[in-house]
Participant: 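Here's a structure for you.
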Amino acid sequence: MRPVICAGNWKMHKTGREAVAFVDAFLPLASALPGRVEIVLCPPFTALAAIRAKLDGSRVRLGAQDVHWEESGAFTGAISAPMLREYGVHYVIIGHSERREYFGDTDLTVRLKTAAALAGGLTPIVAVGETIALRDAGKTLSHVTLQTRAALEGLSQADVARVVLAYEPIWAIGTGRSCDPSEANAVMAEMRACVPGLRDVPILYGGSVKPENIAAYTTQPEIDGGLVGGASLDPSSFAALCEKAS
Ligand code: 13P
C-alpha cells in the first residue's frame, strides 16, 4: 500500500527564527496525528539548520526545495545532494513550476537533478503540471506525461521505485482555484501508466490545497497526499490538513 504524504513547500517564506516558531507549535500537533501520514517540511535552505535538531526524533521529515545535479564544483549559489544529506534532509522537491518558470529548470535539468538526488540518498518529489494555455488546448495529458517520462528517463527500476511524483496544475497554484479531484485523479492515472514501475510510487496533488479540500483528493484512488504551499505556513492549518489527509 502506498503511503499518504503531506509535504509543506514553504517556498521563499520564513527566516530560521520563524521556522523554529512554526516547528515549536507544530510538533505537539503532529505527534497527535494518525501514524499513516508521512509529514514533510520543505523550508528554505537557510532554515534547515535551525529546525533540523528539533525535528530529530520526531515524525516530521525534512525536505529541501531544489538541488543541483553535481556533487560539488563551480556552481555559484547552488546546493548539492551531499550538502542536503548532511543537514538531515530526506526529501527534495525537483522541477517545481516556479523553478521551471523563474530559474530556467528544464526537462533535462529536472532529469539530472532527479538522478543526483537518488544517487545522494534523497527522495525526489518530482513536480509536473500544465499551464492554463496547455489545459485549454486539451494538452494536459500529453504535457504531463512528457514531463514525467523526461524526468525519469534513464533511471533503473529500483530508482524509479524510490521516486515521489507531484501533479501541480500551474493554474491552481496559489490561485484558490483548485483542480477538480476526479480530473486530478485521471491525470495521475495517466502519469502512473506512462513509465513502467510507477504503480507503487506515491503521487501528490498540489494547487490550492487546504484543510477543507484535502480529503476530496486523498479519497481518490490515485492520489496519495498533497504538496502544499500557502496552507503549510501556519502550524494549525497544516496539522489540520495532515489529519484530514489520512
Ligand atoms: P499553494 O498550495 O499555495 O497553491 O501552492 C502549491 C504549491 O506550489 C506547492 O508546491
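Just follow the structure's listing: the first ligand is 1, and inside any ligand the first atom is 1.
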Participant: Say whether Q65 and H96, considering side chains only, have a donor N or O and an acceptor N or O under 3.5 Å apart.
Facilitator: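 There is no such pair (donor and acceptor under 3.5 Å, judged by atom type) between the side chains of Q65 and H96.
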Participant: Run the numbers for me: atoms of ligand 1, each under 4.0 Å from some heavy atom of E168, listed by number.
Facilitator: 6 (C), 7 (C), 8 (O), 9 (C), 10 (O)
Participant: Between ligand 1 and G206, can you find any atom pair, the residue atom being a heavy atom, that is separated by under 4.0 Å?
Facilitator: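 Not so, G206 does not reach ligand 1.
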Participant: Could you tell me if any non-hydrogen atom of A231 lies under 4.0 Å from any atom of ligand 1?
Facilitator: no
Participant: Would you say the side-chain atoms of R52 pair up with the backbone N or O of E86, donor to acceptor, closer than 3.5 Å?
Facilitator: yes
Participant: Heavy-atom pairs closer than 4.0 Å: do any link ligand 1 to the side chain of I173, the backbone, both, or neither?
Facilitator: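 For I173, backbone and side-chain atoms both sit under 4.0 Å from ligand 1.
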Participant: Using a 4.0 Å cut-off to any heavy atom of S208, which atoms of ligand 1 qualify?
Facilitator: 1 (P), 2 (O), 4 (O)
Participant: With a 4.0 Å cut-off on heavy atoms, does K210 reach ligand 1?
Facilitator: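 Flag not set, K210 not near ligand 1.
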Participant: Report yes if some N/O of E98 lies less than 3.5 Å from some N/O of ligand 1; otherwise report no.
Facilitator: no
Participant: Using a 4.0 Å cut-off to any heavy atom of G230, which atoms of ligand 1 qualify?
Facilitator: 1 (P), 2 (O), 3 (O)
Participant: Counting both backbone and side chain atoms, is some N or O of V228 under 3.5 Å from an N or O of ligand 1?
Facilitator: no
Participant: Quick check against the 3.5 Å criterion: does W10 have a side-chain atom that pairs as donor or acceptor with the backbone of S232?
Facilitator: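 It does hold such a pair.
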Participant: Could you tell me whether the side chain of R192 and the main chain of G197 form a donor-acceptor pair under 3.5 Å?
Facilitator: no
Participant: So, the side chain of N213 versus the backbone of S208: is there a donor-acceptor pair under 3.5 Å, distance only?
Facilitator: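 Answer holds: yes.
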Participant: Run K113 and D105 through salt bridge (Lys or Arg N to Asp or Glu O under 4.0 Å) and show every step you take.
Facilitator: CA-CA 10 Å; K113 289 176 177 191; D105 284 17; 3.0 Å; yes
Participant: Can you tell me the protein heavy atom closest to atom 2 (O) of ligand 1 and the distance?
Facilitator: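 Nearest neighbour among protein heavy atoms for atom 2 (O) of ligand 1, to 0.1 Å: G229 N, 2.9 Å.
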Participant: Do ligand 1 and H96 have nitrogen or oxygen atoms that lie under 3.5 Å from each other?
Facilitator: yes
Participant: Crowded around E70 CD? As in, over 12 foreign heavy atoms under 6.0 Å?
Facilitator: yes
